[in-house]
Amino acid sequence: MREIFTLLFILPLTIHSQEKIDITCFTLGFVDDYLGRDFVISEKENPKTIDHIHKDEELIIKYLDSLIKVDNLSKNTIENIDFKYFKDSITLNCGNCDEFYFLNSKKLALKINNFYYLKPTEIQEVNNPKPEQLTYFAYLNEKKIKTENQRKSFLYGAFLRYGNIENGAYTITLANSVSKFDVLKKILKKIKCKIIKTTENVDLIPNSQIIYFNTKNNEIISTLNKLLVKN
């Protein structure tokens, strides 16, 4: 109980104050990249959903929620983020939909989507969609993550959800990543973290991608270790 209290209330406050977390880039690192991020073009300018996440990871959703509330309090402006998470309990003919939370925020979703560029997918002839209803794959544009603070925040968001420590090295484990795996490698180098090795196993289903890294930056070490409380 004490660890849960620390994760949900104390750590978001201390990490935000020490690191000046960029919430948009933190969430950008947090969201799933499994088989890419897709958009229906008609929804691109009016997005709502950030991600969906399994109920087993409810604790880290609450952490993100707490971090956003801390950020809202620190700004206290109209830029405050309207973040909500809820279980999908109304979708029909879906055996396990109620096992997932949907993360919604119009402001944050729009900001996040600006970090992607779109490539059209193949037209599904069976559905014969109208041009404005075509689905597009979205790929992270690493060049838009420009500042040191944005890069660290991106790393922290990814580490909260996918990170661990193994044999003295920090690890981030992804599955079927379309662009986050490559972006993380570039960002780690730019913030002077040492990539020990990377592995990709295309024989597994889903494909796994792991980055092993270390750093001499005490600030980064301190934050990564705090984020390990979830384990």
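Owing to the predicted nature of the structure, the values given are computational and were not obtained by experimental measurement. When a residue number appears, it is its place in the shown sequence, counting from 1.
- Counting heavy-atom neighbours within 6.0 Å of Asn167 CG, excluding the residue itself, gives a total of 12 or less.
- Residues passing the ring-ring contact (aromatic ring centres under 6.0 Å, His included) test with Phe213, sequence neighbours excluded: Tyr170.
- Remark: Asp82 engages no residue in a salt bridge (Lys or Arg N to Asp or Glu O under 4.0 Å) (not counting sequence neighbours).
- With sequence neighbours excluded, the residues that form a ring-ring contact (aromatic ring centres under 6.0 Å, His included) with His54 are Phe100.
- Phe181 and Thr199 get closest at one heavy-atom pair: CZ-O, 4.3 Å.
- For Asp65, the side-chain hydrogen bond (donor to acceptor under 3.5 Å, both in side chains) partners at least two apart in sequence or on another chain are Lys69.
- Pairs of residues two or more places apart, or lying in two chains, never qualify as salt bridge (charged side-chain N to carboxylate O under 4.0 Å, His left out) while including a residue from residues 170-180.
- With sequence neighbours excluded, the residues forming a side-chain hydrogen bond (donor to acceptor under 3.5 Å, both in side chains) with Ser177 are Asp33, listed by chain and number.
- Around NZ of Lys189, the count of heavy atoms belonging to other residues, nucleotides or ligands within 6.0 Å does not exceed 12.
- Checked against ring-ring contact (aromatic ring centres under 6.0 Å, His included), Tyr212 has no partners two or more places apart in sequence or in another chain.
- Take Asp32 and apply the salt bridge (Lys or Arg N to Asp or Glu O under 4.0 Å) test, not counting sequence neighbours, and it matches no residue.
- For the salt bridge (Lys or Arg N to Asp or Glu O under 4.0 Å) test, no residue two or more places apart in sequence or in another chain qualifies with Glu200.
- Taking Glu142 as the reference, Lys190 meet the side-chain hydrogen bond (donor to acceptor under 3.5 Å, both in side chains) condition, with sequence neighbours excluded.
- By the ring-ring contact (aromatic ring centres under 6.0 Å, His included) test, Tyr85 pairs with Tyr101, sequence neighbours left out.
- Asn141 and Tyr117 share no side-chain donor-acceptor pair at under 3.5 Å.
- Each of Asp22, Ile187, Thr24, Ile21 was compared with Gln150 under the side chain to side chain contact (heavy atoms under 4.5 Å, CB included) criterion, and only Asp22 meets it.
- Every residue was checked against the salt bridge (Lys or Arg N to Asp or Glu O under 4.0 Å) condition with Lys84, not counting sequence neighbours, and none meets it.
- Counting only distance, with no hydrogens or angles, the side chain of Ser222 and the backbone of Asn218 share no donor-acceptor pair below 3.5 Å.
- Exactly one of Lys226, Lys20, Lys152, Lys192 qualifies for a salt bridge (charged side-chain N to carboxylate O under 4.0 Å, His left out) with Glu219. That residue is Lys152.
- Side-chain contact check for Thr27 versus Leu64: some heavy-atom pair is nearer than 4.5 Å.
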